[in-house]
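Data first, discussion second: the structure below is written as structure tokens.
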Amino acid sequence: MESDTKDAFIEDDEQQYGEEQPYSDEQIAEEVERYRSIVLSACSSLGNMVPVAKPVNHTKDQTMVNGTTMEYVPKDDCLASLKDIKRYIQMDEQGEGKWVLQWLGDWEVLKRDIIPIFTLSVKRLLPDKDGKAPSEDDREHLLKLVMICVELFVFLTWNMKTESEEVKVRFTRILQSYKRTFAEKEVIACLLSVAVMYLRKNHNTERETMLIKGILYVFRNILAIPDPLISPTSTHLSNLEAQDKLLAIMEKEMVIDFFLTMLSSADERRFKDLRPILLDIIYYVFYRVQVSALFEGCGKWFKQSDLKRSNRHADFGGVYALSTGENTVMPVFNARQVLKPFANLFRKPGKIVGPTKAPECPVDYAWRTVDPDVIPILQRIAAVFIESCFNPFFIAMFDDLKATTSVVNETIPRLLYIAGYFIDISLANSAIDLGCICALVQTHIFGQVMRFTSTYMELKEWPSLEPSMYCIQQIMLALLKMHDTKLKSMSENVLSNLFYDGDALDLFVKLCRIYKPTKMRRQCLEQIARLADTFLRTLKAYSESRPSLFVKKSVKRRVKKQNPDNDDENTEADSTAQQPNAADSDEEMAGTEEDAEDSSAEAAIEELQVERAFVFSKYENAFAVASVAISFSNLLVPPTGIEYVYPMLYRIAVTCKKPYLFFKKRILQRLLLVFDDELTFPHRMEMLDLVCWIFRQYMVVINSPILRDMYKPDPLDNKLATECLLTFLSHSNLGTSIEP
């Protein structure tokens, strides 16, 4: 998708070449050097630093060199030279190596020429303090200069994700230097001024629209350039980190407010094509920032009503909300959408396009250390986004996704991650009203999230599955919190429809069984564990609050083909024999039922939707299987994740009374790691108590020939570990409080 967007800026026709002829290394070197000289000639024709004849007051456009005041002066034909550079970059796109981009980076053409030409052109394009504007001819020329500069900004700052590893490494330094170059007040202010000038118009020409989109891409690109990962103790290397400096400048120059205003108006039709770019921008504003980092050592969070807005922000647009008159701000929803049934969560589009190659992770989890001075800025952005932008932006984005035929892209997982991210912040900040995040608890939007998750699981898109599970978990936590507020009816509506759908219940069981250590991140298993615990606690509380609960379930049955000669005789008998049984097995309730083989060639399989009484204990038993025990035992291995495994291990071993599922050698070895005194994690004593109880049951089984033959436990080969364990159990009361 990004490559298509990038191609939109290339207006010239691609040159067609015949069959390539073999060249010697010397010929190739000569051709590259000749081509390099041509590119250098174009760059040298852009402009020069010249001494100021009679400097009166030193301005930002002037520089002191050896005591002489110098300023940049573009050449008269710099527009033609900029177009030549653009054409060379286009030609570079057709080959490998990106040599033109490499040369431009080595020569620092962006900092030395292109940015000065851009800032000078913008200052002349905008009306001066007396309101005097340039002539029409000058305006057209200046606009062409501004547009070609923005196009070059987009080309030069575009990421190298689709390139080879060698090209990525080579351009990392160049892109990071570009980011530091853009982290200056003057260039940021000029970019914003041009965007605001045209965005305030009710209607824009195609060229003006492309200019606005290009400026947004520039902001997106420079925010997306990752800083070097530096240890917090390496204070002398702080000058290499440009993200926090860039955010501080954007905040001061009102660029952040510009983004927030566009996000709050994202449901307007004219912003439809800009929504994916705005999503990327808000993602990269909080790039590599953990939610917990926003709450470390901070004071009271801001409320939107306490935020002081300048008159300049009012020029961008307006934010509208509906007050209930009870100190609560609520979004305006379509009544039909609110009451729309939740049925068929997993309805798939006509065609699902699978991945053509191994996908990259759409979310970067390499968390960074945030400058303490920038944390209040991020807090303000988060508060304003949640209270003013969350509902209109996400409603518009999910509406755009209704007709999508492919979920294998970067936009959807990133959208789900950002949605979960801001719900996470809302739940941790009591100053934010839950009505501000109501968009995702509408039944049809939550249904979309569930469908995406199911599709990612089926397509084995593990990097995309993780943010979708994170989003579901945060929605579930929000629903629980809403249950005790004025939004209780909305929470009840979503939960009742969710728990009525048997396919939705099956999804959570399948998620706990799919973990593959060689293909999935360990953090993905942690997310599975957190989601499963949140879901099961919510489902248990919901089922206990009702006298009865029914589930809609898809079942398959064998139907005998009727004989035309005796249809009347078999009709009544068949209808009686084919009535579904409401008391089916545990595995059937969990979606693990297997199709029985046809015992007759005249049998056919028919799928029916039936209602069955829901029993939580039977459903919980579906998680007590060997695959779940093996998967979750991976979290017992340090360094992280042990605290997430306790609820499921307790559920399997004690609640479902299946400790024998842990009597496998690799699981037992992982359980022994819990006894390491150097490990500290939440619920450590509860975990130790549970592990001791499992080992006590293991010793009972291993010492009984009958039980040993029944459960077939694996022996512990390490005699020293076994003796130490027996000694510990004989002198400790851990594991004795749980009923055997």
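The basis for the numbers below is simple: all heavy atoms, side chains too, and nothing from hydrogens, waters or symmetry mates.
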So which heavy atom on Val289 is nearest to which on Tyr421, and how close? O-OH, 2.8 Å
For Leu427, is there any backbone N or O sitting under 3.5 Å from a side-chain donor or acceptor partner on Lys481? yes
Evaluate the side-chain proximity of Ser633 to Arg666: yes if any heavy-atom separation is below 4.5 Å, no if none is. no
Tyr365 versus Pro467, closest heavy-atom pair with distance: OH-CD, 3.8 Å
Taking C-beta and beyond as the side chain, do Asp280 and Tyr217 meet within less than 4.5 Å on heavy atoms? no
So how far is it from Ile418 CD1 to Asp424 CG, rounded to the nearest 0.5 Å? 11.5 Å
Quick check for you: to the nearest 0.5 Å, what is the distance between Leu263 atom CG and Leu278 atom CG? 5.0 Å
Any side-chain donor-acceptor pair under 3.5 Å between Arg530 and Gln527? yes
Taking all heavy atoms of Thr534 and all of Thr538, pick out the closest pair and write down the distance. O-OG1, 2.7 Å
Please tell me if the side chains of Gln379 and Asn429 come closer than 4.5 Å, counting only heavy atoms from C-beta onward. no
Would one find more than 12 heavy atoms of other residues, nucleotides or ligands at under 6.0 Å from atom NZ of Lys516? yes
Give the intermediate values and the outcome of side-chain contact (heavy atoms from CB on, under 4.5 Å) for residues Met457 and Leu511. CA-CA 8 Å; Met457 185 181 66; Leu511 286 172; 3.8 Å; yes
So, does Asn634 use its side chain to make a donor-acceptor pair with the main chain of Arg670 at under 3.5 Å? no
Any ion pair linking Asp399 and Lys402 (charged N to carboxylate O, less than 4.0 Å)? yes
Does the side chain of Phe219 reach to within under 4.5 Å of the side chain of Ile277, using non-hydrogen atoms? no
Which heavy atom of Leu175 sits nearest to which heavy atom of Ile225, and what is that distance? O-CD1, 3.3 Å
Is there side-chain contact between Asn493 and Val441, with at least one heavy-atom pair below 4.5 Å? no
Pairwise distance CZ(Phe452) to OG(Ser468) - rounded to 0.5 angstrom: 10.0 Å
Side chain Thr485, main chain Met482, donor-acceptor under 3.5 Å: yes
Check for me whether Arg546 meets the cation-pi criterion with Tyr542, that is, NZ or CZ under 6.0 Å from the six-membered ring centre and within 45 degrees of the ring axis. yes
Donor-acceptor pair, side chain of Asp267 and main chain of Pro392, under 3.5 angstrom: no
When the ring planes of Tyr287 and Tyr284 are compared, do they come out parallel, tilted or perpendicular, using 30° and 60° as the limits? perpendicular
Supply the atom-to-atom distance Met469 CE to Glu526 CD, rounded to the nearest 0.5 angstrom. 11.0 Å
Check: Ser543 side chain, Lys540 main-chain N or O, donor-acceptor pair, under 3.5 Å: yes
Can you see whether Tyr500 engages Glu611 through a side-chain donor-acceptor pair at a distance of less than 3.5 angstrom? yes
Within this structure, what is the CD1-CG distance for the pair Ile652 and Leu661, rounded to the nearest 0.5 Å? 6.5 Å
Any idea how Tyr619 and Phe623 line up, ring-wise: parallel (<30°), tilted (30 to 60°), or perpendicular (>60°)? perpendicular
Is a donor on one side and an acceptor on the other found under 3.5 Å between the side chain of Arg522 and the backbone of Leu635? yes
Can you name the closest pair of heavy atoms from Met450 and Ala504 and give their distance? CE-CB, 4.0 Å
State, yes or no, whether a side-chain contact exists between Arg612 and Val551 at a heavy-atom distance under 4.5 Å. no
Using a strict cut-off of less than 4.0 Å between a Lys/Arg side-chain nitrogen and an Asp/Glu carboxylate oxygen, indicate whether Asp400 and Arg275 qualify as a salt bridge. yes
Tell me, with the steps shown, if Tyr644 and Asp533 meet side-chain hydrogen bond (donor to acceptor under 3.5 Å, both in side chains). CA-CA 9 Å; Tyr644 304 125; Asp533 183 54; over 6 Å; no
One pair to check against side-chain contact (heavy atoms from CB on, under 4.5 Å): Asn497 and Phe446. What are the steps and the verdict? CA-CA 11 Å; Asn497 286 286; Phe446 188 37; over 6 Å; no
Taking C-beta and beyond as the side chain, do Lys213 and Asp273 meet within less than 4.5 Å on heavy atoms? yes
From CA spacing to verdict: side-chain contact (heavy atoms from CB on, under 4.5 Å), Ile528, Met520: CA-CA 11 Å; Ile528 291 173; Met520 302 168 68; 4.3 Å; yes
Stepwise side-chain contact (heavy atoms from CB on, under 4.5 Å) check, Ile381 with Phe259: CA-CA 10 Å; Ile381 298 171; Phe259 294 152; over 6 Å; no
Do Ile475 and Val494 touch side chain to side chain, with heavy atoms closer than 4.5 Å? no
Any idea how Phe508 and Phe535 line up, ring-wise: parallel (<30°), tilted (30 to 60°), or perpendicular (>60°)? parallel
Please report the interatomic distance CG(Asp227) to CZ(Arg368), rounded to the nearest 0.5 Å. 7.0 Å
Between Leu223 and the options Ile282, Thr157, Ile281, the side-chain contact (heavy atoms from CB on, under 4.5 Å) test singles out Ile281
How about Phe394 and Phe422: are their ring centres within less than 6.0 Å of each other? no
For Ala396 and Ala266, the nearest pair of non-hydrogen atoms, with its separation, is CB-O, 3.9 Å
Using a 3.5 Å distance criterion without hydrogens, assess whether the side chain of Gln448 forms a donor-acceptor pair with backbone atoms of Phe398. yes
